[in-house]
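Below, chain A is the first sequence line, B the second, and so on; all start at residue 1.
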Amino acid sequence: MIGGSDVIIPVARDAEAMDLAVRAVVRLWRDVVIEDANTGEVFRRYADIDFARRREILCFRDPASAKLWDQLGADPSLDGTLIHLLRSEGELTVAIDANPPPQIEAFVSSLRRSLAQELFAGTVTREAA
Amino acid sequence: MSTVAIDPFEKLIRDAGQDWLIDCYRPREKAAPHLREVLRRANDAAIKRLGSNAPSLTPETVAATYEKNPHKVRAFLQVMDSVASPDILVMVWQILQGMNIAAIRMEYNATGPFHLRIILSSPDSDQTEEYDSYDIDDAVILRHLGTIKMGNQGTFDGFYALNLGYK
């Protein structure tokens with residue numbers, strides 16, 4: 001992930017948005033490793049996450065990817081193995097590779113549509129088809 | 001001058017921004033005891049259904065969850081006095097704790113019986129839980145389910161509070 005891109009999704013309630021995003025990543029990657037980007041705490045299950053304290057969450061595709069990220073950092077060989085979620089008032093940001101693989105692109109597109117629904121939406125700007 | 005201590009469960013509900021759940025009762029003092037009873041019935045239903053694996057549904061455990069995940073407790077509180085079946089409240093709690101929604105089937109006919117069946121699956125094992133309701137009041141929970149698509153496969157996922165104007 002060299003020169004990644006940020007997808008900013010406006011939401012009414014960022015904790016709920018982060019929650020749905022993490023649940024979705026767990027469905028995308030069954031062996032996902034979830035890490036608090038600020039504290040380094042690692043969660044293997046959605047159920048273990050205390051969202052009230054989490055502002056930035058790193059989702060590695062699997063334990064091997066998490067280990068390689070520790071060793072190599074943002075190396076091109078690791079493209080498509082990390083989804084970085086950040087929440088702030090009224091926004092959920094999904095940081096991904098500048099040229100993400102189709103799987104990640106589809107994931108972000110789907111997440112954006114889900115968060116545009118009434119349960120989550122703030123002031124939403126839809127992308128033209 | 002004396003002060004009346006506020007019921008801790010009522011305080012939790014108000015802290016969660018769900019004052020309406022208390023204020024819709026007359027007299028208001030009856031609200032917290034009633035809601036505690038609703039929770040107690042759900043706790044009993046959980047034990048009957050899940051035995052030693054049952055989640056604890058008490059004011060204390062709800063408060064502990066609120067500290068870690070206030071958004072989950074808001075969602076739970078929003079339906080706890082609307083659903084008809086204690087079992088369905090258990091199901092809501094299980095989704096909030098991470099169970100997946102494996103299947104939903106609803107049968108409705110204006111002149112016939114209502115039936116809602118929801119099957120939950122564990123993300124960590126083959127364990128499933130089946131919940132049935134024959135009371136249309138329980139359909140209120142459907143409005144709270146998140147949805148997301150993975151490829152062409154649509155899934156219901158998560159249980160969320162309705163946007164009632166709070167943060």
With rounding to the nearest 0.5 Å, note down the distance linking CZ in A:Arg113 to NZ in B:Lys149. 5.5 Å
According to salt bridge (charged side-chain N to carboxylate O under 4.0 Å, His left out), who are the partners of A:Arg87, at least two apart in sequence or on a separate chain? A:Asp14
Set of residues satisfying salt bridge (charged side-chain N to carboxylate O under 4.0 Å, His left out) with respect to A:Lys67, sequence neighbours excluded: none
Can [Y] be reached from [X] by stepping across I, L, V, M, F, W or Y side chains whose heavy atoms are under 4.5 Å apart?
X	Y	answer
A:Val94	A:Ile8	no
B:Leu96	B:Val38	yes
B:Ile119	B:Val83	no
B:Ile141	B:Tyr134	no
A:Val26	A:Leu86	no

Contacting region of [X] [heavy-atom separation from chain B under 4.5 Å]:
X	value
A:Phe107	side chain
A:Leu111	both
A:Arg44	neither
A:Ala106	neither

Given that the side chain runs from C-beta out, which part of B:Asp124 has a heavy atom under 4.5 Å from chain A: side chain, backbone, both or neither? side chain
Name the member of A:Glu118, A:Arg45, A:Gln103 that forms the most heavy-atom pairs with chain B at distances under 4.5 Å. A:Arg45
Residue from A:Ala47, A:Ala24, A:Ser109 scoring the most non-hydrogen pairs under 4.5 Å with chain B is A:Ala24
Provide the full list of side-chain hydrogen bond (donor to acceptor under 3.5 Å, both in side chains) pairs with a residue in residues 153-162 of chain B, sequence neighbours left out, each pair given once. A:Asp19-B:Tyr160, A:Arg23-B:Asp157, A:Arg27-B:Asp157
Atom of A:Leu119, atom of B:Leu145 and distance for their closest heavy-atom approach: CD1-O, 3.5 Å
Give the minimum heavy-atom separation between B:Gln97 and A:Tyr46, together with the two atoms involved. C-CE2, 4.3 Å
Could you tell me whether [X] atom [atom1] has more than 12 heavy atoms of other residues or ligands within 6.0 Å of it?
X	atom1	result
B:Phe156	CZ	no
B:Arg105	CZ	no
B:Arg143	CZ	no

What residues of residues 45-70 of chain B make heavy-atom contacts with chain A at a cutoff under 4.5 angstrom? B:Glu67, B:Lys68, B:Asn69, B:Pro70
